[in-house]
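Everything below concerns the one structure shown next.
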Amino acid sequence: MLTTELRLDRIPTLYGRFADEIGEAHWKKIAANLRQEVKGNEFLGSFLEREFAVVLQLEQMREHLGRHGRLPVQPTELRPLYPAAAFMAQVLSLIDAWPRMHAEKLRRRVYGALKNPADLRGLQLEFSVATHFARRGWRISWPEILEVEGETFDHLMDTGDGTLLEVECKSIGDDKGRKMSRREALEFYKLLQPHLKPITSSLTKGLSVVATLPLRLPTSHKDRVELAKGLARAIFLGASTTLPGVIDIRISEFDARMLGEAPHLRAPREVRTAIDGITATRNSQAVLVGNGKGGVLALALQSARDDQFLKATFDTLSDAASRQLTGRRGGLLVAALDGIGGAELGEVARDDNDPQQTPSALRMATSKFLGANHRDHVVGLVFFSRTGLQPVEHGLVDVSSGTAYYFPKRESPFWSDAFSGVFAASA
């Protein structure tokens with residue numbers, strides 16, 4: 001029913017069918033709009049590439065087909081297209097399997113997901129979870145097919161011995177609980193950029209600037225422009241100070257050589273640790289501006305109110321447990337942490353299982369969540385890392401791979417031994 005593996009030689013056929021079923025005009029228009037946005041603000045480039053990766057891969061296929069009359073065939077050319085290819089394969093497999101009315105609902109959902117990265121991540125998560133359990137031999141029913149009143153969870157799993165499990169999936173974005181979103185910060189940096197040029201062009205060393213706002217950026221464009229001008233003036237004067245709408249501006253020098261080849265106008269994940277160390281912040285909205293002459297400006301925006309990623313995440317899970325799981329069967333909650341890679345999540349799990357280490361904040365929050373008496377129907381909580389698609393053999397790709405950190409609740413009255421070890425391997 002649901003495709004769980006992708007043959008690379010099928011990608012051209014898949015694209016042709018997907019274009020017929022969904023329509024190339026959808027991703028062509030979105031991709032064109034994204035390019036216009038990046039043209040107006042180069043800071044948005046890598047952010048939008050990541051947020052709309054599947055859309056841009058579909059557009060890459062469309063353009064390649066138009067120029068060359070065929071799609072790429074070399075493995076090195078195909079690898080960047082794996083996420084879009086896997087998405088096409090799984091959508092088409094369900095369209096083929098479902099009755100016409102339900103297939104049409106799925107098409108409409110795909111239309112919306114292509115426009116909204118959060119919706120697309122949610123749909124991909126549902127596919128990943130279904131793929132995982134399908135490989136275990138469990139039977140999967142979808143709410144689009146069930147149409148049972150009051151049942152709004154994502155999947156109903158049958159373990160094969162008659163035990164049923166409700167599954168609700170939640171995609172947790174990188175901005176969850178933040179006072180400032182990544183996009184807001186990048187748009188503010190664009191406003192700030194022209195006022196910083198006289199400073200950044202003459203830098204010969206590293207300069208760290210941390211601006212602390214009372215809560216978040218101003219909502220009006222006019223106020224953001226004024227804030228950008230004021231912040232640039234403070235940086236130019238070179239003294240830690242305050243200005244209206246900002247609690248504190250902290251300016252200090254650092255050795256730019258610690259960054260190696262400073263990236264231009266962005267802070268990629270590989271220098272995240274260095275930025276935190278330079279600015280003495282933790283996972284703030286930060287950017288690096290290098291001038292090619294040894295000068296680098298590290299600029300971080302932060303709120304005086306702590307970001308509440310865990311609280312916001314568990315608020316979402318609590319709502320799902322009470323509103324989307326019925327309470328009549330065992331329920332499993334699956335949370336995909338979009339900002340955490342597999343290696344990071346695996347390290348958290350390893351440390352949590354080491355009695356010499358202090359339990360992580362994630363583990364403590366999960367223990368409290370599962371320990372609540374009013375959630376006896378929740379038989380487990382699993383966290384997924386950001387997924388990555390990998391070849392499993394020549395010409396064959398696993399359409400769902402990543403790391404899972406599973407917390408079972410064996411004391412639940414709905415617990416079954418069938419739920420043990422369901423995430424013993426990478427999911």
Side-chain angles (χ1 to χ4, degrees), residues 1-2 4-5 125-143 151 153-172 313-314 317-318 320-322 324-337 340 342-355 357 359-385 387 392 398-427:
M1 182 176 176
L2 178 70
T4 60
E5 292 176 331
L125 174 60
E126 291 176 31
F127 289 167
S128 293
V129 171
T131 298
H132 174 79
F133 285 105
R135 286 177 177 156
R136 294 188 63 83
W138 291 17
R139 291 191 295 275
I140 305 166
S141 298
W142 301 69
E151 298 197 342
F153 45 84
D154 291 317
H155 305 300
L156 183 63
M157 307 291 184
D158 185 334
T159 65
D161 62 358
T163 303
L164 299 178
L165 176 68
E166 299 172 8
V167 179
E168 176 59 28
C169 305
K170 294 296 177 186
S171 176
I172 308 298
T313 295
F314 279 90
L317 294 172
S318 177
S322 61
Q324 292 175 278
L325 299 178
T326 66
R328 299 191 297 270
R329 313 180 187 93
L332 176 71
L333 296 172
V334 180
L337 307 178
I340 298 180
E344 296 170 84
L345 186 59
E347 185 177 347
V348 171
R350 283 190 293 274
D351 286 348
D352 279 347
N353 283 279
D354 182 350
Q357 300 289 333
S360 67
L362 181 67
R363 178 166 187 159
M364 289 190 291
T366 300
S367 296
K368 181 179 179 182
F369 177 84
L370 292 177
N373 292 332
H374 62 286
R375 297 194 191 102
D376 281 347
H377 61 294
V378 179
V379 299
L381 174 56
V382 60
F383 294 96
F384 272 13
S385 71
T387 58
V392 291
D398 179 350
V399 300
S400 174
S401 60
T403 299
Y405 188 7
Y406 179 40
F407 294 86
K409 184 179 178 179
R410 294 183 173 84
E411 60 272 24
S412 166
F414 294 98
W415 178 261
S416 164
D417 287 342
F419 305 151
S420 294
V422 291
F423 293 100
S426 294

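Reckoned from all heavy atoms, side chains included, excluding hydrogens, waters and symmetry mates. When a residue number appears, it is its place in the shown sequence, counting from 1.
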Under 3.5 Å: donor-acceptor pair, side chain of [X], backbone of [Y]:
{"X": "H374", "Y": "S322", "value": "no"}
{"X": "D158", "Y": "R139", "value": "no"}
{"X": "D154", "Y": "E126", "value": "no"}
{"X": "Q324", "Y": "E168", "value": "no"}
{"X": "T403", "Y": "S385", "value": "no"}
{"X": "H155", "Y": "L165", "value": "no"}

Search all heavy atoms of [X] against all heavy atoms of [Y] and return the closest pair with its distance.
{"X": "L370", "Y": "G380", "result": "CD2-C, 4.5 Å"}
{"X": "V382", "Y": "A404", "result": "CG2-CB, 3.9 Å"}
{"X": "V129", "Y": "C169", "result": "CG2-SG, 3.7 Å"}
{"X": "R136", "Y": "G421", "result": "NH1-O, 3.7 Å"}
{"X": "S171", "Y": "L125", "result": "N-CD2, 3.8 Å"}
{"X": "V167", "Y": "M157", "result": "CG2-CG, 3.7 Å"}

Subject >> Full working for side chain to side chain contact (heavy atoms under 4.5 Å, CB included) between L337 and E344 >> reply: CA-CA 11 Å; L337 307 178; E344 296 170 84; over 6 Å; no

**OP:** Only counting residues at least two apart or in another chain, list the ones meeting salt bridge (Lys or Arg N to Asp or Glu O under 4.0 Å) with R350.
**Re:** none

**OP:** Please list, chain by chain and in numerical order, all residues satisfying salt bridge (Lys or Arg N to Asp or Glu O under 4.0 Å) with R328, sequence neighbours excluded.
**Re:** E151

Subject >> Set of residues satisfying ring-ring contact (aromatic ring centres under 6.0 Å, His included) with respect to F419, sequence neighbours excluded >> reply: W415

Original post:
Do the side chains of F414 and V378 get nearer than 4.5 Å, heavy atoms only?
Top reply: no

**OP:** Verify side chain to side chain contact (heavy atoms under 4.5 Å, CB included) between Y405 and D352, making sure each step is shown before the conclusion.
**Re:** CA-CA 10 Å; Y405 188 7; D352 279 347; 2.8 Å; yes

**OP:** Measure up the F127 and W142 rings against each other and bin them: parallel (under 30°), tilted (30 to 60°), perpendicular (over 60°).
**Re:** perpendicular

Original post:
Does the pair F423 and L332 meet the rule for a side chain to side chain contact (heavy atoms under 4.5 Å, CB included), with working shown?
Top reply: CA-CA 12 Å; F423 293 100; L332 176 71; 4.0 Å; yes

Subject >> F369/L333 under side chain to side chain contact (heavy atoms under 4.5 Å, CB included): CA gap, chis, key distance, verdict >> reply: CA-CA 11 Å; F369 177 84; L333 296 172; 3.7 Å; yes

Subject >> Test item: side-chain donor near acceptor, R375 and S318, under 3.5 Å >> reply: yes

